[in-house]
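To find a chain, count down the sequence lines: A is the first, B the second, and so on, and within it residues start at 1. Reckoned from all heavy atoms, side chains included, excluding hydrogens, waters and symmetry mates. Being a predicted model, the structure only gives us computed values, none of them experimental.
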Amino acid sequence: MSSSGETPGFFGGPDSNRQKFCGVFCPVDGSSDRRRRTVDFDALSSCRGRNQEQQVIDRQMDISQQRKVEIRETSGKEALQNLDNGRSDRLLIKGAKIVNDDQSFCADVYMEDGVIKQIGENLIVPGGVKTIDAHGRMLIPGGIDVHTRFQMPDRGMTSADDFYQGTKAALAGGTTMIIDHVVPEPGASLISAFEQWRQWADSKSCCDYSLHVDITEWHRGLQEEMETLVKDHGVNSFLVYLAYKDIFQLTDAQVYEVFSVIRDLGAVAQVHAENGDIVAEEQRRILDQGITGPEGHVLSHPEEVEAEAVNRSVTVANQTNCPLYVTKVMSKSAADIIAQARKKGTVVYGEPITASLGTDGSHYWSKNWAKAAAFVTSPPLSPDPTTPDYLSSLLSCGDLQVTGSAHCPFNTAQRAVGKDDFSLIPEGVNGTEERMSIIWDKCVVSGKMDENQFVAVTSTNAAKIFNLYPRKGRISVGSDADLVLWDPDITKIISAKTHNSTVEYNIFEGTEIRGGPLVVISQGKMVLEEGTLHVTEGSGRYVARKPFPDHVYKRIKARSRLAELRGVPRGLYDGPVCEVSVTPKTMTPASSAKTSPAKQPNQPVRNLHQSGFSLSGAQIDDNIPRRNTQRIVAPPGGKANITSLG
Amino acid sequence: MSYQGKKNIPKITSDRLLIKGGRIVNDDQSFHADIYMEDGLIKQIGDNLIVPGGVKCIEAQGKMVIPGGIDIHTHLQMPYRGTTTVDDFAQGSKAALAGGTTMIVDHVIPEPGTSLLEAYDQWRQWADEKVCCDYSLHVDITHWDDNVKQELDSLIKEKGVNSFQVYMAYKDYYQMTNSELYEVFTFLAERGGIAQVHAENGEIIAEEQARMLQMGITGPEGHVLSRPEELEAEAVFRAITIASQTNCPLYVTRVMSKSAADIISQARKKGNVVFGEPITASLGTDGTHYWSKNWAKAASFVTSPPLSPDPTTPDYLNTLLSSGDLSVAGSAHCTFSVAQKAIGKDDFTQIPEGVNGVEERMALIWDKAVTTGKMDENMFVAVTSTNAAKILNLYPRKGRVAVGSDADLVIWDTDSIRTITAKTHNSAAEYNIFEGMELRGAPQVVICQGKIVLEDGNLHTTSGVGRFIPCSPFPDFAYKRVKARKQLAVLKAVPRGMYDGPVSEYSMSRGGTPSASARTSPTKQPVRNLHQSGFSLAGPPTPDDLPIRPAGRRIVVPPGGRSNITSLS
């Protein structure tokens with residue numbers, strides 16, 4: 001997986017992680033020479049004012065005339081310059097309004113070999129380049145869907161959209177990169193699960209992807225695997241589950257240890273936040289009452305239980321000084337907890353998903369079983385119809401930062417596994433295709449956020465948190481050519497009849513949304529134009545991510561330097577000591593002493609909580625020599641005053 | 001010698017007492033009246049009472065007469081590794097009476113795995129022998145199985161216990177899992193008990209303790225460093241979530257930090273039935289002393305949750321107590337000698353936990369909250385006595401000056417000033433964590449069971465006169481709201497036709513949430529996984545056995561026409 005050969009010299013950052021090139025997309029000889037023509041940014045901004053005025057006039061004319069973008073293919077003599085490939089890797093976008101998370105400006109963009117080569121006015125580009133005339137429309141960095149579960153195995157079934165269908169749907173919605181979750185079976189190796197997912201994705205994915213790895217059980221042996229994943233496989237985020245009792249769920253002590261490991265490795269701790277113990281009890285109670293339909297799912301996963309788990313994971317993350325990322329923020333109270341924690345200074349990020357931003361949980365009571373079941377996901381959609389509005393407000397003000405889709409749909413026959421018991425319904429909703437448009441419609445059209453914030457929450461923040469920035473999430477020279485020409489005026493009605501997912505139900509069925517992608521460019525190639533998709537199965541590359549993302553770890557590093565604790569130098573206690581009976585009151589520290597590794601074979605899943613510390617009895621005395629630097633003979637304040645009163 | 005209930009009140013029958021010219025202070029109002037008591041009960045209240053001749057008369061001269069304090073949380077004579085706390089029931093209740101507290105509620109702590117009833121009997125025996133004032137008992141639930149359920153039943157129905165404490169800390173010892181908490185709370189909600197909780201996240205504490213020791217921090221400062229405030233707040237939050245799910249009234253013992261108190265007051269604003277108990281220590285002092293160079297002094301402050309190192313905490317907690325966000329003040333009196341504390345001289349985790357406070361409780365609250373103007377005298381009575389009586393379902397027998405109530409009274413002197421010191425206190429411990437503190441306000445006369453036990457600074461207590469006061473379940477103070485909510489909280493299923501479309505093949509080997517019920521076979525994990533499902537839904541049932549669905553519904557033609565269930569809507 002060496003990648004040094006393709007690294008452009010001007011861009012030494014995360015770009016060096018590029019791992020795979022597809023056949024269609026091969027480097028052009030001599031392209032490196034053209035780098036010199038890159039327009040530098042300062043020069044660009046100095047002449048911006050004048051140019052902008054012209055652009056504004058241009059745009060107004062455009063709108064009155066036509067709505068389509070013009071795409072000019074090469075013709076005649078110019079075509080000779082593109083001998084290798086009819087469908088050129090070179091692309092010029094003229095007259096676009098480039099929208100990054102910090103600013104918007106008008107410029108042309110020239111890309112080649114899947115990388116943005118030049119940005120500016122009057123670019124000098126080779127002849128015969130395919131040109132898109134944007135007529136002042138917005139050009140945004142392609143969306144990054146931070147949370148998908150394509151092709152996810154569940155009890156012998158697989159979620160309905162595989163990597164091909166899923167990434168196709170993503171591209172259709174303006175998302176040019178996905179980050180999928182690797183879910184290893186408890187007991188299985190993380191690395192082999194990771195390799196399995198790589199294999200599935202490499203053969204099918206149509207857009208760049210990366211992978212989170214879920215920690216579904218915990219013992220110290222996994223620490224090495226995590227280290228390998230971080231160092232050799234480009235994984236910098238791990239998800240732990242506080243729910244799914246007896247399957248994936250970890251205890252608080254395990255979560256503490258996982259977070260400590262994650263912090264040391266420089267990764268981001270993700271958490272599925274629901275109190276699995278309470279959920280299991282509630283499920284039982286609800287079933288006892290004879291409620292077996294999908295409404296039982298939401299009744300047994302109350303909002304409070306989500307908020308409790310978020311609060312707990314924030315506490316553990318604070319204790320371990322580990323950055324925390326809460327996946328699937330579905331309720332007001334969970335979002336509130338995150339917002340409060342951020343105010344107190346915790347490094348925590350919240351991820352609402354398309355479903356929680358776009359719809360609510362009232363459909364669980366639908367009389368149509370299949371429809372109600374299509375909404376089943378965990379944590380569930382909140383039955384409170386004001387939730388989507390509330391979450392989009394928090395997303396707009398920055399209390400929540402990133403949006404995913406948690407796209408993991410199952411078709412109706414698969415859902416019907418739980419037709420007599422809601423707790424058996426496979427969980428997951430669609431949303432990767434609708435994500436960008438839903439957010440535009442709910443947040444930008446309604447005036448809650450501007451276009452820059454839109455870019456931030458759909459792409460840039462994700463790239464920053466997962467250390468992909470500025471390769472992804474930004475339109476700048478040297479960044480990947482993953483771009484979307486966004487049309488704020490398109491209106492569309494979401495329907496399962498027209499969507500790109502394979503499932504029969506779309507949870508946003510009938511929602512009218514404004515705003516959508518006009519042209520989508522992935523890896524420098526147009527994959528969506530004029531409503532037609534041209535995707536290539538297997539063309540997606542795995543994007544490796546480095547540990548210690550600055551966006552997250554700058555603060556963590558500073559704090560870990562501060563957080564040194566010191567003991568109080570005291571003389572040795574020389575008073576009487578009470579006799580203790582033999583059976584000691586097994587207080588907390590016994591945990592490490594109790595779990596002897598030898599016991600492990602008996603309890604493979606449950607008690608893998610081995611502590612790496614060896615603090616059993618004897619060592620306490622070993623600590624005393626450390627005090628030797630203190631003057632023990634004459635303790636501060638005079639000799640042997642230790643037992644005196646006052 | 002044992003006294004069951006108030007029917008067989010012992011030999012003190014001839015005690016007739018009249019308090020003249022006092023100002024009676026209850027939690028709702030204050031008024032001037034004389035009080036006549038006889039046989040340990042208040043018989044008359046009013047002006048110009050007609051009383052038998054030869055009655056002993058106390059001139060109160062306009063001083064406040066308040067209901068005797070109830071210390072709702074003590075650990076007297078608590079066994080600890082073969083020894084006991086230095087204050088036994090005699091010494092401890094004597095200290096209580098000296099401070100104006102005429103009733104204590106002690107915690108029974110059964111060893112995990114042993115019988116609750118036996119432990120209860122043991123505590124009853126210890127207390128009946130020695131205690132100088134009336135008492136009642138909480139029982140701590142230190143493990144959970146079906147046996148415990150039966151014992152709880154009998155404790156509630158026959159033994160007069162209505163409050164039970166569970167621990168979220170002390171990993172591998174007392175600590176309970178969330179599922180167990182859920183089951184305990186559900187059980188108590190049905191039987192009318194109050195769920196008390198020691199709220200700290202024991203799992204994280206264990207990790208932090210190991211880390212501290214590894215760093216070479218072995219002194220008492222390690223105790224507070226390994227139990228940060230946040231862990232207390234987290235556990236309080238979790239306990240409230242579970243209590244709210246199970247619709248069970250919750251009582252948080254030992255509120256020691258601002259953040260824990262905030263969580264409680266937020267929950268109360270949301271309507272949760274939750275009570276918070278700050279203790280004398282958290283209201284009166286802070287955790288800066290853990291860094292004292294005097295090991296023995298630092299160790300004497302060790303208690304769990306620890307005192308907060310934030311010096312503004314006591315003031316904050318006093319404010320919340322005054323505003324009613326915290327309900328009742330206890331002392332968690334549990335004292336050890338220096339020699340006992342020294343068990344942990346090389347390892348702070350071994351230091352026995354507990355502080356003094358039963359004697360100082362009333363005066364300290366008066367000084368911190370009433371003289372500063374945070375609360376009035378009525379609120380003072382509420383937080384030191386009345387609320388506790390209401391929560392324990394002893395009101396109005398205790399916690400109120402009224403005709404028919406027990407003659408447990410205190411004449412409170414608002415102006416006396418005393419300096420607390422271990423030299424003069426009534427506890428047997430060498431250290432007093434409030435050492436040197438000057439407190440305004442003190443009891444002038446204390447009357448317990450109709451007899452004067454403190455007068456002119458002299459204590460006249462008699463070991464063994466204290467009676468066990470049984471508490472009955474379903475205290476109105478907590479359960480009125482809970483009952484009303486129970487009636488509302490009926491969940492209904494959606495009547496649907498049967499799903500008649502295709503069903504995927506699936507294996508039970510692994511999955512999302514669902515298999516929880518199928519997976520936990522009751523035989524394998526006896527203690528931990530009490531979560532046995534009552535259903536037999538393991539295999540996919542055939543479509544025609546659906547007895548669970550409401551029988552009254554027309555299933556043949558589902559609402560909206562036939563078989564439209566799989567069609568796209």
Taking every non-hydrogen pair under 4.5 Å, which of B:Pro220, B:Ala339, B:Gly436, B:Ala342 racks up the most with chain A?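 Winner by heavy-atom pair count: B:Ala339.
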Which portion of [X] sits near chain B, non-hydrogen atoms under 4.5 angstrom:
X        : answer
A:Ala372 : side chain
A:Tyr364 : backbone
A:Ser260 : neither

Considering only heavy atoms, which portion of [X] lies under 4.5 Å from any heavy atom of chain A: side chain, backbone, both, or neither?
X        : result
B:Thr186 : neither
B:Glu111 : neither
B:Leu225 : side chain
B:Phe336 : neither
B:Ala299 : neither
B:Pro352 : neither

A:Glu304 with B:Arg238: basic N within carboxylate O range, under 4.0 Å: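 A salt bridge is absent here (no side-chain N lies under 4.0 Å from a carboxylate O).
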Here's a test for you: under side chain to side chain contact (heavy atoms under 4.5 Å, CB included), which of A:Gln319, A:Gln254, A:Glu257 qualifies with B:Glu207?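 That would be A:Glu257; it is the only one of A:Gln319, A:Gln254, A:Glu257 passing the side chain to side chain contact (heavy atoms under 4.5 Å, CB included) with B:Glu207.
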Quick one: closest heavy-atom pair of A:Gly293 and B:Arg496, and the distance?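 Heavy-atom minimum between the residues: CA-NH1, 3.6 Å.
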Once you round to the nearest 0.5 Å, how far does [atom1] of [X] lie from [atom2] of [Y]?
X        : Y        : atom1 : atom2 : result
B:Asp346 : A:Leu572 : CG    : CG    : 7.5 Å
A:Asp252 : B:Asn201 : CG    : CG    : 4.5 Å
B:Asn178 : A:Glu308 : CG    : CD    : 6.5 Å

Mind checking salt bridge (charged side-chain N to carboxylate O under 4.0 Å, His left out) for A:Glu282 and listing every partner two or more places apart, or none if nothing turns up?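 A:Glu282: salt bridge (charged side-chain N to carboxylate O under 4.0 Å, His left out) contacts with A:Arg285.
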Given B:Phe237 and A:Arg312, is the side chain to side chain contact (heavy atoms under 4.5 Å, CB included) satisfied, shown in steps? CA-CA 8 Å; B:Phe237 193 96; A:Arg312 185 149 40 101; over 6 Å; no
For the backbone of A:Val568 and the side chain of B:Glu221, can you confirm whether one donor and one acceptor N or O come within less than 3.5 Å of each other?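 Flag set: sc B:Glu221 to bb A:Val568 pair under 3.5 Å.
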Report yes if some heavy atom in the side chain of B:Ser504 is under 4.5 Å from a heavy atom in the side chain of A:Arg415; otherwise report no.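 No. Closest side-chain heavy atoms not under 4.5 Å.
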